[in-house]
Amino acid sequence: VAHTDEELTPSKKKLRGSQQKKYDGKRPWTAEEKGAIIQGVITYGKGNWAMIKKKYDVLFELRTSGQIKDCFRSMMKRGEVPDDLLDEPVNE
């Protein structure tokens, strides 16, 4: 049975603008980006990653909201987040 390339390609769900990657590969997080994430969590709370991305749109132009969330979680594990933010529950 012959299959077209489209049939063999897994279906892709539509991603929101804040979830779309604008580059391939990995980029290290800058101190400025990490500071903006912490300030965004202070302002908007954990879980509001798309709002944080929108607020700092120039800085996070090449980042997705999911990447911002993952960076924040990694910063928490490394002790880079102020203690008062650690107690706040995460809104997915």
Side-chain angles (χ1 to χ4, degrees):
V1 176
H3 295 284
T4 66
D5 288 340
E6 289 178 14
E7 291 175 335
L8 298 176
T9 305
S11 63
K12 294 182 179 181
K13 69 177 187 177
K14 182 140 173 93
L15 298 175
R16 295 183 186 135
S18 65
Q19 297 171 321
Q20 294 176 350
K21 283 182 77 169
K22 298 198 176 172
Y23 69 97
D24 289 324
K26 291 185 175 186
R27 290 180 52 236
W29 289 87
T30 65
E32 186 179 15
E33 287 175 316
K34 289 180 179 182
I37 291 171
I38 290 172
Q39 190 59 49
V41 170
I42 290 169
T43 303
Y44 300 106
K46 291 182 194 174
N48 296 309
W49 311 116
M51 289 177 67
I52 293 169
K53 177 179 169 50
K54 188 174 183 178
K55 167 68 176 168
Y56 300 97
D57 61 340
V58 172
L59 187 59
F60 293 135
E61 180 182 8
L62 299 178
R63 303 288 190 184
T64 67
S65 55
Q67 289 172 322
I68 294 168
K69 174 191 70 174
D70 292 342
C71 180
F72 182 77
R73 287 183 174 173
S74 295
M75 289 168 47
M76 284 177 34
K77 289 179 184 175
R78 289 191 299 262
E80 299 175 7
V81 175
D83 290 341
D84 57 332
L85 292 180
L86 296 176
D87 297 331
E88 185 180 331
V90 177
N91 300 324
E92 293 294 329

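Model, not experiment: these values are computed from the prediction. For this chain, numbers begin at 1 and follow the sequence in order.
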ask   = Mind checking what makes side-chain contact (heavy atoms from CB on, under 4.5 Å) contact with K54, not counting sequence neighbours?
value = none
query = Taking all non-hydrogen atoms of both residues, which atom of A50 and which atom of S65 are closest, and how far apart?
reply = N-CB, 3.9 Å
Give every donor-acceptor pair under 3.5 Å between a side-chain atom in residues 76-83 and any protein atom, sequence neighbours left out.
| residue | atom | partner | partner atom | Å |
| --- | --- | --- | --- | --- |
| R78 | NE | E80 | OE2 | 2.9 |
| E80 | OE1 | K34 | NZ | 3.4 |

query = Quick one: does Q67's side chain get under 4.5 Å of R27's, heavy atoms only?
reply = no
request  = Would you verify whether the NZ or CZ of R63 falls within 45 degrees of the ring axis of W29 while also being under 6.0 Å from that six-membered ring's centre?
outcome  = yes
task = To the nearest 0.5 angstrom, please state how far the CD1 atom of I37 sits from the CZ atom of F60.
result = 4.5 Å
task = Measure the shortest side-chain to side-chain distance between C71 and M75 over non-hydrogen atoms and say whether it is less than 4.5 angstrom.
result = yes
task = Applying side-chain contact (heavy atoms from CB on, under 4.5 Å), name anything that partners I42, two or more places apart in sequence or on another chain.
result = I38, Q39, L85
inquiry  = Could you measure the distance from the CG atom of N48 to the OG1 atom of T43? Nearest 0.5 Å is fine.
reply    = 10.5 Å
query = Do you know the tightest heavy-atom contact between I52 and G40?
reply = CD1-C, 3.6 Å
query = How many angstroms lie between CD1 in I68 and CD in E33, if you round to the nearest 0.5 Å?
reply = 8.5 Å
task = Report the residues that fulfil salt bridge (Lys or Arg N to Asp or Glu O under 4.0 Å) with K55, sequence neighbours left out, ordered by chain and then residue number.
result = none
message = Nearest 0.5 angstrom please: Y44 OH to M51 CE, how far?
response = 5.5 Å
